[in-house]
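To find a chain, count down the sequence lines: A is the first, B the second, and so on, and within it residues start at 1.
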Amino acid sequence: MFVQQLITGLSVGSIYALMAVGYSLIYSLLNFTNFAHSASVLIGAYAGYYYITLVVDNPITAALCSLVLGAILAALIERITYQPLLDKGARRIYLLIAGLGISIIGENLIVVLIDGRFHAYKTALSSMPVSIFGASIGVIDLIILLASAVALLLVQFLIQKTKVGLAIRGAAFDLTTASIMGINVRRLILIVFIIAGSLAGLSGVFLGIKYTAYPTMGNLTNKAFISAVVGGLGSLPGAVVGALILGVLETMISAYVSSAMRNLFAYALLIVILLIRPWGLMGKSMEDKA
Amino acid sequence: MLSYWTGVATLTGIYLIATLGVSILVGFTGLFSLGHAGFMAIGAYGTALAVKMLHLPFYAAILVGILASMLAGALIGKATLRLKGDYFVIATLAIGECTKLLIENIPSITGGARGLADIPRKTNFFVVWTILVIVVVLLHRFLNAKHGRGCVAVREEELAAKSIGIDTTRTKMLSLLISCALCGMAGGLLAGYMGYLYPIMFTMAKSNELTMTVILGGAGSLTGTILAGLVLIPLPEYLRIESAEEWRMVLYGVLVVIVVVFKPSGLMGNKEFTVSGLLRRLKKWFSKEKRNGEKGAGERG
């Protein structure tokens with residue numbers, strides 16, 4: 001029972017980690033909360049649903065398709081909305097407002113154009129169990145855990161070992177200085193949005209398979225914000241650790257206490273962290289953030 | 001029919017009080033909030049429970065609601081206002097959701113998701129609009145006084161404000177408390193007008209709506225907020241089409257993005273709507289018409 005809950009918790013946490021890393025990446029570069037993140041999650045979840053229902057029941061290709069769509073949407077949002085604002089040197093609050101506007105458009109367009117119902121993925125995987133150490137564990141949880149780990153390791157590799165990654169780390173340290181050093185900051189920001197968008201699209205598919213696809217699921221990005229704060233705002237390893245902790249704790253609460261307490265617990269945890277340790281578990285605002 | 005429109009006007013007035021509160025915080029002080037419906041909920045349930053359980057008279061109960069709302073605001077403000085970064089925004093999000101979930105999860109006191117009924121109905125159109133006028137006058141006075149100008153200074157350039165001796169954290173806290181008080185009061189009035197309360201009255205969508213109305217009206221303009229509120233709050237009442245609520249939210253979103261990208265100052269910018277200002281504007285516009293063709297005439301009205 002405990003092992004089973006732990007695996008479920010880790011798989012939920014790894015989905016949160018996908019969202020939280022994208023969020024933290026953008027935050028570490030531009031110092032603002034990208035509320036439009038939920039749009040990429042939404043498009044990922046619905047694309048995955050339609051892919052599996054209409055094309056072929058293959059979660060891997062569905063995930064790839066959602067990943068690409070999430071990335072495209074994030075790139076479009078960045079180019080159409082954020083870029084003009086950043087060029088103008090607009091105050092941070094306007095970036096927040098624009099993001100909020102986009103997330104509201106996304107959520108309500110889904111209701112208007114599709115419907116407001118819950119769409120369960122018709123995949124055979126979602127209820128298939130496998131027995132490990134005598135505990136029956138959902139195959140889907142393992143797949144999610146594995147795929148998220150691979151995606152996060154890829155991002156880690158990209159940031160630590162490539163030239164683009166070096167540029168991202170530099171820009172996270174100081175965007176202006178990075179641009180003086182000859183880094184094309186506009187392109188770099190676009191790249192970061194594409195990384196974040198593809199992770200969000202991927203998390204959308206996983207959320208859809210695990211729960212369902214529904215219009216207000218973009219609110220699940222709130223869990224990414226919570227994870228990021230718990231782990232330390234702007235820190236990527238912190239975001240992953242925070243997300244895993246949040247996922248496991250939430251699952252344990254809903255298994256052993258009450259599932260209604262789950263969200264209440266998450267938000268209460270956030271308020272407690274903000275009160276006693278606002279810089280989070282691994283955050284240190286002056287440190288190298290990426 | 002008349003009573004129907006009185007109802008619409010009363011609700012508009014109530015939400016306008018809350019929107020004005022958000023305007024002080026978001027518009028004038030430049031702090032973003034995603035959870036002010038939560039403060040309305042605290043005010044509403046605080047008022048309703050004070051009436052029902054403590055048997056206080058309605059207006060004393062509203063005070064209880066306002067104080068409860070300000071207390072919640074003080075809690076997150078104390079924790080996050082001195083921090084750099086988006087901590088405050090995320091904290092408002094948390095308090096908004098936390099309040100709603102708490103209300104849903106302690107049904108023995110709050111009625112849970114089924115709602116809280118049989119609240120004595122003690123408010124009406126005249127009470128709400130009298131309070132609204134008083135609030136507008138007081139806010140106008142506040143914004144032209146030292147602390148109000150401090151808020152604007154913090155919004156415009158925090159570092160500069162600090163360097164001329166404004167305690168920025170305290171100024172932000174003051175503005176947060178004012179906005180919480182107004183939202184709490186609006187919540188209390190809502191409880192006293194509707195006679196029942198449900199947690200779904202105070203969702204995140206409602207919080208977003210409050211903030212977006214302020215942005216569309218013009219961040220930093222009381223009259224802008226009022227104009228936007230008068231037009232946008234009763235919008236679903238005259239747009240009676242299918243899924244009007246969703247279309248309205250799409251419209252809000254699109255408008256907000258367009259406004260932010262093309263005219264970040266909103267409808268009124270940081271100017272106030274006055275009759276003399278309107279006349280000046282018209283005069284300027286006409287003289288510009290006359291000078292049509294003269295390029296770069298250097299003069300400015």
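Neither the backbone nor the side chain of B:Tyr252 comes within contact range of chain A; no heavy atom of the residue lies under 4.5 Å from a heavy atom of that chain. Residue contact with chain B, scored on non-hydrogen atoms closer than 4.5 Å, involves the backbone and the side chain of A:Pro278 alike. Using a 4.5 Å cut-off between heavy atoms, A:Leu270 touches chain B through its side chain atoms alone. Contacts between B:Val250 and chain A at a heavy-atom distance below 4.5 Å involve backbone atoms as well as side-chain atoms. Heavy atoms closer than 4.5 Å to chain B are found in both the backbone and the side chain of A:Ala260. If you measure heavy-atom distances from B:Leu255 to chain A, you find no contacts under 4.5 Å at all. Contacts between A:Tyr82 and chain B at a heavy-atom distance below 4.5 Å are absent for every atom of the residue. The part of A:Leu100 that comes within reach of chain B is its side chain, from C-beta onward, which places non-hydrogen atoms under 4.5 angstrom from that chain. Contact of B:Met212 with chain A is made through the side chain alone, with heavy-atom distances under 4.5 Å. For a residue to count as touching a neighbouring chain, one of its non-hydrogen atoms must lie under 4.5 Å from one of that chain's; by this rule B:Ile258 does not touch chain A. Using a 4.5 Å cut-off between heavy atoms, A:Leu275 contacts chain B through both its backbone and its side chain.
Looking at A:Ser38, its side chain never comes within 3.5 Å of a backbone N or O of A:Leu220 through a donor-acceptor pair. When atom types are taken as modelled, the side chain of B:Ser23 and the backbone of B:Thr19 share no donor-acceptor pair closer than 3.5 angstrom. Between the A:Ser258 side chain and the A:Ser254 main chain, no donor and acceptor come within less than 3.5 Å of each other. A:Asn108 contributes no side-chain N or O that, together with a main-chain N or O of B:Met249, makes up a donor-acceptor pair within less than 3.5 Å. Of the possible donor and acceptor atoms, one in the side chain of B:Arg155 sits under 3.5 Å from a partner among the backbone N and O of B:Gly27.
Between chain B and the residues A:Ile102, A:Leu109, A:Asn222, the most heavy-atom pairs under 4.5 angstrom are made by A:Asn222. When each of A:Asn263, A:Ile104, A:Asn219 is checked for heavy-atom pairs under 4.5 Å with chain B, A:Ile104 comes out on top. Ranked by heavy-atom pairs under 4.5 Å with chain A, the first of B:Thr80, B:Val256, B:Leu93 is B:Leu93. The residue among B:Leu102, B:Ile76, B:Val26 with the most heavy atom pairs within less than 4.5 Å of chain A is B:Leu102. Ranking A:Leu95, A:Leu274, A:Thr81, A:Thr216 against chain B, the residue ahead of the rest is A:Leu274, based on heavy-atom pairs under 4.5 Å. Taking chain B as the reference chain and counting heavy-atom pairs below 4.5 Å, the highest number among A:Ile271, A:Ile276, A:Val229, A:Ile97 is found for A:Ile97. Between chain A and the options B:Ala205, B:Gly253, B:Ala91, the largest number of non-hydrogen pairs under 4.5 Å is found for B:Gly253. The residue among B:Leu75, B:Ile95, B:Asn208 with the most heavy atom pairs within less than 4.5 Å of chain A is B:Asn208. Most heavy-atom pairs under 4.5 Å with chain A: of the set B:Glu104, B:Met204, B:Lys78, B:Glu97, this distinction falls to B:Glu97.
Nearest approach of B:Thr171 to B:His147, heavy atoms of both residues: CG2-O, 4.2 Å. The nearest pair of heavy atoms linking B:Phe202 to B:Ala41 is CG-CB, 3.5 Å.
In summary, the aromatic rings of A:Phe35 and A:Phe225 are positioned with their centroids under 6.0 Å apart. With ring centers used as reference points, A:His119 lies under 6.0 Å from A:Tyr49.
Between the side chains of B:Glu209 and B:Tyr15, no donor-acceptor pair is found at a separation under 3.5 Å.
Below 30°, between 30° and 60°, or above 60°: for A:Tyr23 and A:Tyr27 the angle between ring planes is between 30° and 60°, a tilted geometry.
Distance CG/A:Leu29 to OG/A:Ser24: 12.0 Å, rounded to 0.5 Å.
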